[in-house]
Amino acid sequence: MPLYQRDNIPLDKFIQLIPDLVYIQEFPSKKITFINRKFSVILGYDKEDLIRNDFSIDFAMSQQELDRWALRIEDLHKIINTGESIEYNIELKHKNGSKLILRHRSMVLRSQNPESQFEILHIAEDITQLQQHNNLILQQKNQLNEAEKIFKYGSWEWYVGAETVRWSDGLLEVFGYNPHDFESKDLTFGFYQKHIPEHEREYTSSISNQSVSEKKTYYEFEHSIIDAKGEYKYLAIKGKCYLDDNGEVVKVLGTSADITQIKNYEVALEEKIKELFRSNQDLEQFAYIASHDLQEPLRKITAFANKLIERCADGLSEEGHFFIDRILSSSDRMKSLIDNLLAYSRISRNNLPLPSTEVNLTQIIHNAIGDLELVISKKKAKIIVGDMPTIQAFASQMHQLFLNLISNAIKFVDENTPPQVSISANVASVEEILKLKLVENKYWKISISDNGIGIEDEFKEHIFTMFHRIHGNAEFEGTGLGLAICKKIIENHFGAILVESNQNQGTTFTLFLPFKP
């Protein structure tokens, strides 16, 4: 087809220099009458491909794009005599099967072909990568908006010197607004400030201004607001200052998160803790006073029973002696119970930071063994003690801890079996510390193993409960407080106590105690 010329230079030479795809179609038949080299470079199709498809490019379009073309004809009719152009995007299939997105600028020309009244000149730019990039940005923006809704926070952006701040949709929702009600998201400082209770406004402004004046790269604080719906909320603010090459703040980005539920939970939890602490103090005080006051009448019962034996022994029948023996036996058990209650009460009141006292556990264990000398001798018990560490602890509580555990190891053994107790210490592994959620970084792992009667699985959960006893007094004497005291002592030292046992196969108590700093 003939092309226009300028100064005897064919127009097609200029068209070939254009970096975009150019082609001409008859209108309204859509028959292609001209293509430049970029047409083949960008789409992969040459003249032979067009000839095989009746000079049409419809074969490279989806049905959806063909339907859009039918709607676009009306727009083309409107500009036939105006010299204007229209812009639109078309998705075409490359010869290799990939999808391309071309941004078209099209205008209607008077045809040089007498058989055709009009022609359309298309100049198309490949924006596939740009569109993919824009789609990715849009996807990320949608994900960010969704995250802001889920986690109840919003973001903001302020350029130093500007009188407005750019709000995200999520921030508007935090403040109780519908983002669709705002044509512009650039809002004044006053709009933000009016939601802050009056007594907090000066504080919030000073924090923000100071952070910018001091060029802090990061800052955070909290304040409250009354949102558009009149609801009182707590916000956690985090900001970051961005500096230019001269070290001056050029903009500040930040987030404002709704932490109302967390704050309310913290307040409620603090009140519960205070209430629980008061209740525990009352119970501990009651246990101490009650146990202390019970000792005096108990001493009198024991004293009068002994005097009755001394003065009236000859006049008492066998049954009378039996009754007095029962009184004295019950008094001894009552005294042991009171002593243990007092011990538990004292230990419960000792939940203070650990003292600076260094405690040699080897010495502590040997002192406890000395206190049990008579029962050890009587039962022919064998106790093996390995190398023990020195730790920071309450010495008296450590003595009571090992006294109780060694005593139990000797006590709960078949009467025909000599007790054997083994005590060893190792460094706890990181996995063990993490699993137990312990507060320090390093712990000693101390094991006390015996060859006793063991503990059935159903009772393991309850052995550290106060007054819980597996065996009756007829089998083994006790108050049910010994292991509860042990657990309390371990808790006072920020440790843990575990038990492993099988019936008739012995028991191992494992203590986790922190290293000496």
Side-chain angles (χ1 to χ4, degrees), residues 280 284 287-288 336 339-376 381-411 419-430 432-450 463-464 466 479 481-500 507-517:
N280 283 343
E284 289 165 10
Y288 181 80
S336 178
D339 288 341
N340 281 332
L341 275 173
L342 285 170
Y344 188 85
S345 179
R346 283 193 296 270
I347 291 167
S348 296
R349 294 198 303 275
N350 262 341
N351 52 350
L352 302 170
L354 290 180
S356 58
T357 306
E358 291 186 1
V359 176
N360 186 319
L361 292 185
T362 299
Q363 188 61 49
I364 289 289
I365 292 171
H366 284 298
N367 290 343
I369 292 172
D371 290 348
L372 297 168
E373 184 178 359
L374 291 178
V375 67
I376 290 173
K382 182 179 180 181
I383 302 176
I384 302 172
V385 182
D387 293 333
M388 290 291 121
T390 295
I391 65 171
Q392 183 176 294
F394 295 102
S396 60
Q397 291 188 19
M398 286 294 108
H399 179 83
Q400 190 161 20
L401 171 68
F402 285 98
L403 184 68
N404 287 358
L405 291 174
I406 296 171
S407 176
N408 276 0
I410 296 171
K411 181 194 300 184
Q420 292 186 10
V421 184
S422 175
I423 306 174
S424 61
N426 295 290
V427 177
S429 68
V430 175
E432 290 172 322
I433 293 172
L434 292 175
K435 184 177 181 180
L436 293 170
K437 299 179 181 178
L438 298 172
V439 297
E440 301 294 337
N441 293 325
K442 290 186 177 181
Y443 277 79
W444 288 107
K445 177 182 177 181
I446 301 170
S447 301
I448 299 97
S449 302
D450 62 48
I463 60 172
F464 297 108
M466 288 181 65
T479 62
L481 276 167
L483 290 177
I485 291 173
C486 291
K487 186 173 187 293
K488 193 67 180 178
I489 291 171
I490 291 293
E491 289 174 351
N492 286 351
H493 291 78
F494 311 109
I497 181 169
L498 305 178
V499 61
E500 292 182 14
T507 299
T508 297
F509 284 94
T510 304
L511 317 177
F512 291 85
L513 293 168
F515 266 47
K516 181 189 72 174

Exercise. For the pair L483 and F509, evaluate side-chain contact (heavy atoms from CB on, under 4.5 Å) and give the outcome as yes or no after the intermediate values.
Key: CA-CA 10 Å; L483 290 177; F509 284 94; 3.9 Å; yes
Find out whether [X] and [Y] are in side-chain contact, i.e. whether some heavy atom of one side chain is under 4.5 Å from a heavy atom of the other.
X    : Y    : result
I391 : P514 : no
T362 : T390 : no
I423 : M388 : yes
I364 : L401 : no
F512 : L498 : yes

Going by the rule side chain to side chain donor-acceptor pair (under 3.5 Å), which residues pair with [X] if we only count those two or more places apart in sequence or in a different chain?
X    : answer
D371 : H399
S407 : none
S424 : none

Over all heavy atoms of both residues, which pair between [X] and [Y] is shortest? Give the atoms and the distance, please.
X    : Y    : answer
D387 : A425 : O-CB, 3.6 Å
T508 : S449 : OG1-OG, 2.9 Å
A368 : L403 : O-CD1, 3.6 Å
A393 : V359 : O-CG2, 3.5 Å
M398 : I489 : CE-CG2, 3.8 Å
A409 : P419 : O-CB, 4.4 Å

Quiz item: Quick one: salt bridge (Lys or Arg N to Asp or Glu O under 4.0 Å) pairs with a partner in residues 432-446, sequence neighbours left out?
Solution: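 Counting only pairs at least two positions apart or across chains, the salt bridge (Lys or Arg N to Asp or Glu O under 4.0 Å) contacts touching residues 432-446 are E432-K445.
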Quiz item: Picking from I369, L511, N367, what satisfies side-chain contact (heavy atoms from CB on, under 4.5 Å) with F402?
Solution: L511
What's the separation between atom [atom1] in [X] and atom [atom2] in [Y], rounded to the nearest 0.5 Å?
X    : Y    : atom1 : atom2 : result
K382 : I376 : NZ    : CD1   : 13.5 Å
N404 : K411 : CG    : NZ    : 9.0 Å
I490 : I485 : CD1   : CD1   : 13.0 Å
L361 : I446 : CG    : CD1   : 5.0 Å
I383 : L372 : CD1   : CG    : 7.0 Å

Quiz item: Between V421 and L405, is a side-chain contact (heavy atoms from CB on, under 4.5 Å) present by the stated rule, with each step listed?
Solution: CA-CA 10 Å; V421 184; L405 291 174; over 6 Å; no
Exercise. Could you pull out all residues at least two apart from V430 that satisfy side chain to side chain contact (heavy atoms under 4.5 Å, CB included)?
Key: L434
Practice problem: Mind telling me whether W444 and F515 have parallel, tilted or perpendicular rings, with 30° and 60° as the class edges? | Solution: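 Aromatic pair F515/W444 classed parallel.
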Quiz prompt | Audit row: N408, D450, side-chain contact (heavy atoms from CB on, under 4.5 Å) steps and yes/no | solution = CA-CA 9 Å; N408 276 0; D450 62 48; over 6 Å; no
